[in-house]
Protein chains: 2
Amino acid sequence: MSKPDRPAETSTPTHERVFRALRSEIMHGEITPGQAITIRGIADTYGVSMTPAREAVRRLTAEGALSLSKTGRVSAPQLSTERIEELASIRALLEPELAARAQPRAHLALIERLQNINTTIEQMIVKKDAVGYIRSNLEFHRTLYLRAQAPAMLAMVETVWLQLGPTMSALYARLQRPNAAGNHRTAIAALRAGDEPGLKLAIRADVTQGLRMLGS
Amino acid sequence: MSKPDRPAETSTPTHERVFRALRSEIMHGEITPGQAITIRGIADTYGVSMTPAREAVRRLTAEGALSLSKTGRVSAPQLSTERIEELASIRALLEPELAARAQPRAHLALIERLQNINTTIEQMIVKKDAVGYIRSNLEFHRTLYLRAQAPAMLAMVETVWLQLGPTMSALYARLQRPNAAGNHRTAIAALRAGDEPGLKLAIRADVTQGLRMLGS
DNA sequence: AGCCCCAGATTGTGATCACAAAAAATCCAT
DNA sequence: ATGGATTTTTTGTGATCACAATCTGGGGCT
């Protein structure tokens, strides 16, 4: 009898596609701080009209990923030293909690995934690949935090990552990367041992050390 | 002759106006969870076209203030119990820190302002005015945190308030309000005494107690 | 009565246009 | 050539329109 069939699965809207693409670029540091962003530029970069481009920009500015001047011009934000330290503080408050919540749910496969990601991080450090380093570093944290079953808290942390993205990429040379892999190893060991205080400490150290000396 | 003169100071854009108005309504609990929101409805409520209404909705959804179904319909979010507790946890992590940062900068005038707001809160409790209670309660917290000089952290906390707004209003009857004023008094006393641990404890108690038993 | 199906109304989405403000390029007088 | 005024271009903003998907009632069939 062939019911009407539902072949036309509602495709994801254009503004959503553009939003996701831009957000990924910003979070992974592919945008330079202060770089001018124009709505029309986005529109014909992605081959769409102004409307979805504008909506994507609105969402991004709402998340603090883009800052707009009084005249409405948008650009990737130039973060002040105080702002960087503030965002680092937020990470230091939320991420240990996420790690602690993930711990009881972390099984062996997850730990192995984390180790694999960590070797990728080390490779990126050797290759001095800023974008690759940021991407795999965030993947490490996200992989762990996804187990926390705390989507709102994870979303909040991702917003912070987003705001830090362009700055971290621009100041990549000043980033204290050597310790990152070490802190991650400590975290993994604590995860294995079921040592919650140690895990929280390692994550906190990773976050604060990595972002130290970013403004000088 | 006669220089062009600059009388037309660029007025705040329409989408900004609509956004602020909607955001305030949501944060203060004037929207019922699950209530359907239509772009055209917003548009002719505020006497504007669809474009700025859509942009306001986009920003609000980016903040989690509105949730949209797969079909694109938007509504005030129905928070699950787990989500409520998660948001309460975020408040419990961030707000004590904001209070602690505000403390060294808190002078006498601020403390008096807080006391005045607190008496207003008590009046709202007596009058059983849900919206008034939420509004003045948030004003109490915001007044304190503004002194923390931590705009990013405050913005993050406001986002959480925004997400909780409709639910808090709907479940107003279950809110443990009697203790609110008491916790606030404890916080004020700690503020006066320069007792940072006491202040952080009072704020944490206020946040967690107030939101306890919101899902049953 | 219960259920299904279809027509009409509602709604989100994307494109296009007109307009004003701002930025950039150009020109002119010194 | 240089600095300031002016013209040209760029850009954000808001409105309107067309279209498809969705939702809503109503009517007819079993």
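Order of the sequence lines fixes the chain letters, A, B, ..., with proteins taken first and strands second; residue numbering starts at 1 for each chain.
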Using the test side-chain hydrogen bond (donor to acceptor under 3.5 Å, both in side chains), find all partners of Ser89(B) that sit at least two apart in sequence or belong to another chain. Arg101(A)

Residues which pass side-chain hydrogen bond (donor to acceptor under 3.5 Å, both in side chains) with Arg58(B), listed by chain and number, not counting sequence neighbours: His15(A), Glu55(A)

Using the test ring pair (Phe, Tyr, Trp, His ring centres under 6.0 Å), find all partners of Tyr145(B) that sit at least two apart in sequence or belong to another chain. His141(B)

Between the NZ atom in Lys70(B) and the OG1 atom in Thr12(A), the distance rounded to the nearest 0.5 Å is 16.0 Å

Between Gly72(B) and Arg40(A), name the one whose nearest nucleotide on DNA chain C is closer to the 5' end. Gly72(B)

Pull out every residue in residues 13-25 of chain A that has a heavy atom closer than 4.0 Å to any atom of DNA chain D, ordered by number, or say none. none

What residues 42-68 of chain B contributes to the DNA chain C interface at heavy-atom separation below 4.0 Å is Met50(B), Arg54(B), Arg58(B)

Are any of the side-chain heavy atoms of [X] and [Y] separated by less than 4.5 Å?
{"X": "Ser67(A)", "Y": "Val74(A)", "answer": "no"}
{"X": "Pro104(A)", "Y": "Arg147(A)", "answer": "no"}
{"X": "Glu95(A)", "Y": "Arg204(A)", "answer": "no"}

Can you give each donor-acceptor pair under 3.5 Å made by side-chain atoms of residues 111-119 of chain B, sequence neighbours left out, with the distance rounded to 0.1 Å?
residue	atom	partner	partner atom	Å
Asn118(B)	OD1	His184(B)	ND1	3.1
Asn118(B)	ND2	Ala181(B)	O	3.4
Thr119(B)	OG1	Asn116(B)	O	2.7

In whole angstroms, how far is the P atom of dT11(D) from the CZ atom of Arg73(A)? 7 Å

